[in-house]
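The structure appears right after this line, and notes come after that.
As the structure is a prediction and not an experimental result, all values here were calculated from the model.
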Amino acid sequence: MKNLIEALRVLPGVGEKSAQRMAYHLMQHDRQGAALLANRLTQALTALKPCSWCNNYTEELLCSTCSNPKRDSSLLCVVEMPIDQMRIEQTHVYQGLYFVLMGRISPISGHSAEHVSLQKLRARCQEGTVKEVVLATSFTQEGETTAYAIAQQLHALNIPVTRLARGVPAGAELEYLDASTLAHALWDRRSA
């Protein structure tokens with residue numbers, strides 16, 4: 001059990017107690033679910049590899065998004081992780097292609113531009129198809145650093161670079177917003 005608990009702790013947000021609950025639940029109440037989970041993890045580790053264009057996980061050379069002829073190949077959205085791409089896809093608004101960095105620049109953690117495939121992104125943009133790059137990195141210090149580094153490289157290629165807007169979330173009351181969010185909302189304002 002100790003090894004199973006330790007293995008479950010590799011998941012983000014899973015501490016000692018949560019891992020213990022999961023391990024005992026799987027062993028006591030859902031052995032079939034545990035076997036299915038083990039099988040699916042093994043299948044994923046064997047079958048999934050990075051898409052040659054965007055870095056997202058796929059079983060083929062190109063993922064289903066990159067190989068879709070209905071997508072706008074002139075528009076490239078740069079995200080940090082595959083889950084970020086999935087969240088943008090769930091909006092059903094964006095119809096371009098993606099580039100997944102598989103991380104972000106974080107000097108404190110020792111992750112430089114080489115750790116996030118910036119050379120591959122630059123090469124993709126130099127092919128001539130991409131007419132605009134949308135930066136959809138997180139609004140953390142590392143996400144901002146990554147967005148800045150990408151923008152600097154792509155401006156040198158004369159490719160327009162845009163950034164996701166920041167500001168007041170839907171349903172929020174101004175009195176509860178932090179000053180930074182409110183400031184960005186004012187800077188990124190648009191006509192009504």
Side-chain angles (χ1 to χ4, degrees), residues 12 50-58 62-68 70-192:
C51 171
S52 64
W53 277 9
C54 74
N55 288 335
N56 200 354
Y57 299 113
T58 183
L62 292 178
C63 70
S64 59
T65 304
C66 289
S67 61
N68 184 344
K70 294 180 182 176
R71 302 298 291 226
D72 181 356
S73 62
S74 70
L75 193 57
L76 187 66
C77 181
V78 179
V79 296
E80 293 173 7
M81 303 300 284
I83 196 162
D84 301 328
Q85 177 180 337
M86 183 186 78
R87 294 291 296 139
I88 291 173
E89 280 296 290
Q90 289 171 342
T91 68
H92 303 289
V93 173
Y94 180 76
Q95 294 301 312
L97 297 177
Y98 293 91
F99 187 86
V100 182
L101 296 168
M102 292 298 194
R104 63 188 109 177
I105 297 173
S106 176
I108 293 173
S109 301
H111 295 127
S112 63
E114 291 78 38
H115 288 91
V116 293
S117 308
L118 287 192
Q119 293 301 336
K120 186 175 178 181
L121 172 61
R122 184 182 174 92
R124 177 135 178 229
C125 291
Q126 286 176 315
E127 292 172 357
T129 307
V130 176
K131 303 299 180 212
E132 178 186 352
V133 172
V134 179
L135 298 177
T137 58
S138 300
F139 290 106
T140 62
Q141 187 67 36
E142 293 89 357
E144 294 287 352
T145 300
T146 304
Y148 178 79
I150 293 168
Q152 292 304 305
Q153 283 200 16
L154 298 183
H155 286 311
L157 299 175
N158 292 319
I159 294 177
V161 178
T162 57
R163 181 89 164 102
L164 290 183
R166 299 174 273 198
V168 180
E173 296 186 32
L174 294 182
E175 68 180 294
Y176 297 114
L177 294 177
D178 63 279
S180 176
T181 300
L182 197 51
H184 284 294
L186 286 167
W187 289 328
D188 294 339
R189 68 188 182 275
R190 57 187 169 90
S191 61

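Checking side-chain atoms of Thr146 against main-chain N and O of Ile105 turns up a donor-acceptor pair under 3.5 Å.
Applying the side chain to side chain contact (heavy atoms under 4.5 Å, CB included) rule to Ser64 yields no partners; only residues at least two apart in sequence or on another chain are considered. Applying the ring-ring contact (aromatic ring centres under 6.0 Å, His included) test to His155 and every residue at least two apart in sequence or in another chain returns nothing. In terms of the ring-ring contact (aromatic ring centres under 6.0 Å, His included) criterion, residue partners of Tyr94 (sequence neighbours excluded) are, by chain and number, Tyr98.
Between Cys54 and Leu97, the closest side-chain pair of non-hydrogen atoms is not below 4.5 Å. Contact check for Glu142 versus Thr145: no side-chain heavy atoms found under the 4.5 Å cut-off. Annotation: side chain of Thr58 is not in contact with side chain of Ser52 (no heavy-atom distance under 4.5 Å). Residues Pro82 and Met102 meet the side-chain proximity criterion, which asks for heavy atoms closer than 4.5 Å. A 4.5 Å side-chain heavy-atom check between Val161 and Ile150 finds every atom pair outside the cut-off. Between Thr65 and Trp53, the closest side-chain pair of non-hydrogen atoms is not below 4.5 Å. Inter-residue side-chain proximity for Arg163 and Thr137 is flagged as met; some heavy-atom pair is nearer than 4.5 Å.
Distance check, rounded to the nearest 0.5 Å: CG of Leu164 to OG1 of Thr162 gives 7.5 Å. How far CG of Asn56 is from CZ of Phe99: 11.5 Å, rounded to the nearest 0.5 Å. Taken from NZ in Lys131 to CG in Leu75, the straight-line distance is 12.0 Å, to the nearest 0.5 Å. Atom CG of residue Asp84 and atom CG of residue Leu101 lie 9.5 Å apart, to the nearest 0.5 angstrom. How far CG of Leu157 is from SG of Cys125: 7.0 Å, rounded to the nearest 0.5 Å. Rounded to the nearest 0.5 angstrom, Leu76 CG and Asp72 CG are separated by 10.5 Å.
Among residue pairs with one or both ends in residues 164-175, those qualifying as side chain to side chain donor-acceptor pair (under 3.5 Å) are Glu144-Arg166, Arg166-His184; sequence neighbours excluded. Applying the side chain to side chain donor-acceptor pair (under 3.5 Å) definition to pairs two or more places apart or across chains, those involving residues 117-129 are Asn55-Lys120. Evaluation of the salt bridge (charged side-chain N to carboxylate O under 4.0 Å, His left out) test over residues 96-106, restricted to residues two or more places apart or in two chains, returns Glu80-Arg104.
Here the shortest heavy-atom pairing between Thr181 and Val168 reads CG2-N, 4.4 Å. When all heavy atoms of Cys51 and Cys66 are compared, the closest pair comes out as SG-SG, 3.8 Å. Heavy-atom minimum distance, Ala147 versus Leu135: O-CD1, 3.4 Å. Across all their heavy atoms, Cys77 and Ile88 have their closest contact at SG-CD1, 3.7 Å.
Other residues, nucleotides and ligands contribute more than 12 heavy atoms inside 6.0 Å of the CD atom of Glu89. In Tyr148, the OH atom is not crowded: 12 or fewer heavy atoms of neighbouring residues, nucleotides or ligands sit closer than 6.0 Å. In Ile83, the CD1 atom is not crowded: 12 or fewer heavy atoms of neighbouring residues, nucleotides or ligands sit closer than 6.0 Å.
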